[in-house]
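Here's the structure we're looking at; comments come further down.
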Amino acid sequence: MLDAGPKPRRYLPLRPLLILDASFELICALLLAGAAGAMSRWLGIETFVAYVLAAVFLAAALGVGYIARVRRPAATVARGIAIANVAGGVAGWALMTLLWGSFDPPGRALLGSASDVFLALGVLELIALRRVPRG
């Protein structure tokens, strides 16, 4: 058999991950704003804090969405987003672990799920950044 040469490296595309990231940020913002009263009870926070968090998530969704529009986002910016996602996921789990009794069961489920998603997105984005094709 003839050797066809080196096989092309497969890579994880960064842009779809950034779009998914922006979408999840937007979902978090809408959930926090739309269910601020219920979320406030579940998470043990004031309604005003839920609205502030919704605004933060909305700003993040808009920022990440804007960055995802670029054909090849700057690696340093994308790496910052990925690290922020990992840090947010770790912080969410640390908060939930330390203040377990402060959260109602739906709040634990929401915070744990959101933390998992942010951790997964951040790790996948970091992997995608390591595997971006050259050239």
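- From Thr47, atom OG1 reaches atom CZ of Arg41 across 8.5 Å, with rounding to the nearest 0.5 Å.
- By the criterion of side-chain heavy atoms lying less than 4.5 angstrom apart, applied directly or through intervening Ile, Leu, Val, Met, Phe, Trp or Tyr residues, Tyr51 is not grouped with Leu62; the two fall into different hydrophobic clusters.
- Residue Leu32 comes nearest to Ala50 through the heavy atom pair CB-O, 3.8 Å, listed as atom of the first residue, atom of the second, then distance.
- Among residues two or more places apart in sequence or in another chain, the side-chain hydrogen bond (donor to acceptor under 3.5 Å, both in side chains) test is passed with Asp21 by Asn85.
- A continuous path of ILVMFWY side-chain contacts below 4.5 Å connects Leu95 to Leu43, so both sit in one hydrophobic cluster.
- Under a hydrophobic-cluster definition in which Ile, Leu, Val, Met, Phe, Trp and Tyr are linked whenever side-chain heavy atoms come within less than 4.5 Å, directly or via other members, Leu129 and Ile81 are assigned to the same cluster.
- Taking hydrophobic clusters as Ile, Leu, Val, Met, Phe, Trp and Tyr residues chained together by side-chain heavy-atom distances below 4.5 Å, Phe24 shares a cluster with Ile127.
- Taking every heavy atom of both residues into account, Gly65 and Ala22 meet most closely at N-CB, 3.5 Å.
- Under the rule for a side chain to side chain contact (heavy atoms under 4.5 Å, CB included), Ala109 has no partner lying at least two apart in sequence or in another chain.
- Of all non-hydrogen atoms in Arg108 and Met96, the two that sit nearest each other are O-SD, 3.2 Å.
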Give the intermediate values and the outcome of side chain to side chain contact (heavy atoms under 4.5 Å, CB included) for residues Asp116 and Trp93. CA-CA 8 Å; Asp116 285 346; Trp93 271 106; 2.9 Å; yes
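- Here the SG atom belonging to Cys28 is positioned 10.0 Å from the CG atom belonging to Leu53, to the nearest 0.5 angstrom.
- In this structure, Leu99 CG and Leu111 CG are separated by 9.5 Å, a value rounded to the nearest 0.5 Å.
- A distance of 10.5 Å separates CG of Leu14 from CZ of Arg72, quoted to the nearest 0.5 Å.
- Ser40 is not listed as a side-chain neighbour of Val49, based on a closest heavy-atom distance of 4.5 Å or more.
- Ring-plane geometry between Phe57 and Phe118 is classed as parallel, the angle between the planes falling under 30 degrees on a 0 to 90 degree scale with a further cut at 60.
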Any chance you could lay out the side chain to side chain contact (heavy atoms under 4.5 Å, CB included) test for Val86 and Leu121, step after step, and finish with the verdict? CA-CA 8 Å; Val86 170; Leu121 279 170; over 6 Å; no
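- How far CD of Glu125 is from CZ of Arg130: 15.5 Å, rounded to the nearest 0.5 Å.
- Linking Ile, Leu, Val, Met, Phe, Trp and Tyr whenever their side-chain heavy atoms come within less than 4.5 Å leaves Val52 and Ile45 in two separate clusters.
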